[in-house]
Amino acid sequence: MTQERGKVYLVGAGPGDVAYLTVKAYNLLAAAQVLVYDALVDAQLLQCVPDDCLKLDVGKRGGKPSTTQSEINKLLVKHCQQGKQVVRLKSGDPLIFGRCTSEIEALKASGCDFELVPGISSALAAPLLAGIPLTDPVLSRTFAVLTAHEPELLDWEALSRLDTLVILMGGQHLPEIVHELLRHRRSHLTPIAIIRWAGTPDQQIWIAQLGDILEQTTELSLSPSVIVIGEVVGLRKYLQPENIYLDEIIRHSQAEPANESISTPQPMLSNFPPSTSSTSSPSSPLPLTGKTILVTRSVGQSSQFSDRLIASGATVIEMPTLEIGPPSSWEALDNAIAHLSDFDWLILTSTNGIDYFFERLIAQGKDTRALAGVKIAVVGEKTAYSLKQHSLQADFIPPNYVADSLVENFPDKLDGKKLLFPRVESGGREVLVKELTAKGAKVIEVATYQSCCPSGIPPVAELALQNRKVNVITFASSKTVQFFCQLTDKICANNSDASQFLEGVCIASIGPQTSKTCHALFGRVDVEAQEYTLDGLTQALITWAINS
């Protein structure tokens with residue numbers, strides 16, 4: 001049997017946020033068998049690969065042990081020759097200071113297939129995200145991109161005459177950069193911007209003049225950063241929304257003497273935009289900008305909720321806290337399906353229940369015609385939508401999208417009615433069954449699927465929790481709350497309480513039942529959706545962010 005031919009994709013990751021990946025880069029990550037990535041690649045991108053993808057961190061870190069270039073070359077060749085689809089992920093664009101030449105030469109020498117995939121360079125993205133244009137009809141007809149990794153090798157006399165300079169890898173060499181430009185007659189009044197961690201929630205911007213930037217940044221860590229030098233930096237205040245720039249002036253005025261002029265560019269520290277997890281520009285800040293949200297969900301579940309949050313400006317980290325699978329036995333469900341005509345109503349409270357019910361219906365050689373004469377009640381619009389995917393319309397949807405509302409508003413007299421309730425095998429809606437039974441209904445519960453706790457936490461989520469990088473944790477069911485506690489207990493050292501991960505973190509719940517479990521296990525809920533849907537939870541978080 002012929003071994004499948006491998007291929008190496010040298011992919012640009014952009015400035016960091018997953019929202020700035022190209023579509024091709026995202027699709028390649030989704031199919032990668034091996035991921036070889038750099039130190040500056042954002043942790044969010046590591047979630048884009050399949051669960052069984054081999055992830056190899058080969059990042060070069062100043063002053064710390066790191067993988068040599070020759071070792072990286074050998075890794076790429078090795079996995080390609082094993083027939084793997086390899087993604088070599090580099091920050092920015094792979095051919096802009098990306099050290100790709102050595103890797104390409106090694107691949108060609110070994111007869112390995114490869115492809116270059118462009119990315120958005122931080123040299124272009126960082127100024128844009130800071131609201132700084134690199135060109136202007138009057139102030140900047142040219143700009144140059146350079147690396148200051150070895151400033152002594154640059155022609156500073158020629159560079160000092162250019163309108164705008166964009167300098168990468170210059171944070172540690174700022175004194176040499178300033179010295180060389182001033183020495184070659186660049187005005188000490190020239191505006192300068194330093195943009196650190198561009199395109200991430202930790203983005204910071206320092207605005208000053210060439211003559212005083214060193215005083216403003218003494219003893220501060222400026223790496224990784226993009227430095228922009230030129231008159232165009234002064235245009236930033238005109239290209240910002242009024243409320244954003246006004247906030248900066250207020251912060252600056254509180255830190256400086258009251259009679260300090262702000263008519264010319266002044267040194268200031270800005271956190272705008274603190275997060276760029278959406279496709280918005282600096283001129284349209286989004287309500288969840290700057291918030292890192294940990295989304296607990298089912299393994300393999302659609303990321304539509306995460307997409308909603310990202311579209312509102314959030315940085316999202318997904319943490320699967322549920323594994324959905326078949327029940328321990330199909331016997332009860334198969335028996336119920338064989339006697340569907342005996343039932344008056346079919347009660348469906350989750351998309352998982354719907355999926356497994358209809359999967360088993362088809363496995364028994366039946367289709368939706370077997371439900372003729374049986375009315376269907378569902379809880380929630382999402383469940384109703386899932387039902388529509390099977391070409392069926394719900395006969396009843398309770399107004400409040402919760403199971404309790406189903407009993408209160410049920411359209412039929414329940415006395416003597418026979419109800420089929422496909423549900424999770426354990427930990428289901430006992431209260432719903434009890435209330436339906438109390439009203440005279442005969443409820444037949446059948447195990448249709450099972451929910452279990454995953455074996456572990458994704459490394460990205462674990463690091464975010466341990467390093468206190470999470471602002472909000474969302475829960476869409478009681479089970480996600482329970483399993484979150486089980487998972488976080490496993491990573492607590494010295495038997496300490498998992499509640500340490502919740503200090504200062506907003507706990508957001510989709511509805512009353514989930515909130516009840518949050519109160520029982522966490523002692524609080526900070527945000528609860530008024531409409532018990534994922535859209536409702538998104539809106540509740542937006543309202544919370546605006547008012548907090």
Side-chain angles (χ1 to χ4, degrees), residues 13-23 26 42-45 47-48 120 122 124-132 195-205 236 239-248 251 269-297 302-319 460-461 464 467-476 504-510 526-527 529-531 533-548:
D17 195 291
V18 68
Y20 300 121
L21 274 180
T22 63
V23 173
Y26 182 85
D42 193 277
Q44 291 182 79
L45 303 184
Q47 298 183 78
C48 298
I120 303 174
S122 60
L124 302 178
L128 182 145
L129 294 172
I132 298 171
I195 307 153
R196 182 172 182 264
W197 286 114
T200 75
D202 297 320
Q203 177 171 296
Q204 292 177 301
I205 305 169
R236 179 175 184 262
L239 301 180
Q240 298 294 320
E242 290 185 8
N243 59 318
I244 296 296
Y245 193 70
L246 185 59
D247 286 345
E248 290 184 344
R251 287 197 299 273
L269 172 62
S270 165
N271 286 320
F272 178 79
S275 173
T276 48
S277 298
S278 68
T279 54
S280 69
S281 68
S283 62
S284 55
L286 297 167
L288 294 179
T289 293
K291 306 298 182 186
T292 296
I293 301 178
L294 186 72
V295 174
T296 62
R297 62 173 181 83
S302 168
S303 297
Q304 290 181 352
F305 178 48
S306 296
D307 293 342
R308 292 182 181 98
L309 298 174
I310 290 171
S312 297
T315 294
V316 172
I317 298 173
E318 294 187 339
M319 177 178 165
V460 173
N467 295 329
R468 304 294 193 270
K469 295 294 186 181
V470 176
N471 303 113
V472 182
I473 303 177
T474 66
F475 296 101
V505 176
C506 170
I507 297 174
S509 160
I510 198 169
D526 302 295
V527 172
Q530 293 185 0
E531 178 185 291
T533 64
L534 293 176
D535 282 335
L537 184 53
T538 303
Q539 187 55 53
L541 285 171
I542 290 173
T543 301
W544 165 81
I546 292 172
N547 294 329
S548 62

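All values derive from a computational prediction rather than experimental measurement.
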Worksheet item: What's the spacing between Asp307 CG and Thr538 OG1 if we round to 0.5 Å?
Response: 10.5 Å

Item to complete: Take Thr296 and Ile473, measure what side-chain contact (heavy atoms from CB on, under 4.5 Å) needs, and give me the verdict at the end.
Response: CA-CA 7 Å; Thr296 62; Ile473 303 177; 4.1 Å; yes

Worksheet item: What is the distance from atom CZ of Phe475 to atom CD1 of Ile510, rounded to the nearest 0.5 Å?
Response: 12.5 Å

Discussion item. Which residues pass the side-chain hydrogen bond (donor to acceptor under 3.5 Å, both in side chains) test with Asp526, not counting sequence neighbours?
Written reply: Arg524

Worksheet entry | Heavy-atom pair with the smallest gap, counting every atom of Ala130 and Arg236 | O-NE, 2.5 Å

Worksheet item: Would you say Val295 and Met319 make side-chain contact, with heavy atoms under 4.5 Å?
Response: no

Worksheet item: Which atom pair, heavy atoms only, marks the closest approach of Leu45 to Val18?
Response: CD2-CA, 3.5 Å

Item to complete: Enter the distance from Asn471:CG to Thr292:OG1 here, rounded to the nearest 0.5 Å.
Response: 5.0 Å

Worksheet entry | Which residues share a side-chain hydrogen bond (donor to acceptor under 3.5 Å, both in side chains) with Ser509, sequence neighbours left out | Ser515

Practice prompt. Measure the shortest side-chain to side-chain distance between Arg196 and Gln203 over non-hydrogen atoms and say whether it is less than 4.5 angstrom.
Written response: no

Fill in: Nearest atoms (heavy-atom pairs only) where Ala13 meets Leu21
O-CD2, 3.7 Å

Worksheet item: Looking only at heavy atoms, what is the nearest atom pair of Ile195 and Ala126, with distance?
Response: CD1-O, 3.5 Å

Fill in: CG-OG1 distance between Leu534 and Thr474, expressed to the nearest 0.5 angstrom
8.5 Å

Fill in: Whether Gln47 side chain and Glu318 backbone form a donor-acceptor pair below 3.5 Å
yes

Item to complete: Name all residues meeting the salt bridge (charged side-chain N to carboxylate O under 4.0 Å, His left out) criterion together with Asp535; count only those two or more places apart in sequence or in a different chain, and write none if there are none.
Response: Arg308

Practice prompt. Would you check if Leu129 and Tyr20 make a side-chain contact, meaning some heavy-atom pair closer than 4.5 Å?
Written response: yes

Below 3.5 Å, can you tabulate the donor-acceptor pairs from side chains in residues 540-548 to any protein atom, sequence neighbours excluded?
| unit_1 | atom_1 | unit_2 | atom_2 | d |
| --- | --- | --- | --- | --- |
| Thr543 | OG1 | Gln539 | O | 3.0 |
| Asn547 | ND2 | Thr543 | O | 3.1 |
| Ser548 | OG | Trp544 | O | 3.1 |
| Ser548 | OG | Ala545 | O | 3.2 |

Response to the item:
d(Ile293 CD1, Cys506 SG) to nearest 0.5 Å is 8.5 Å

Worksheet entry | Euclidean distance, Leu288 CG relative to Leu286 CG, rounded to 0.5 Å | 8.0 Å

Worksheet entry | Test item: Ser122 side-chain N/O and Ala125 main-chain N/O as donor-acceptor pair under 3.5 Å | no

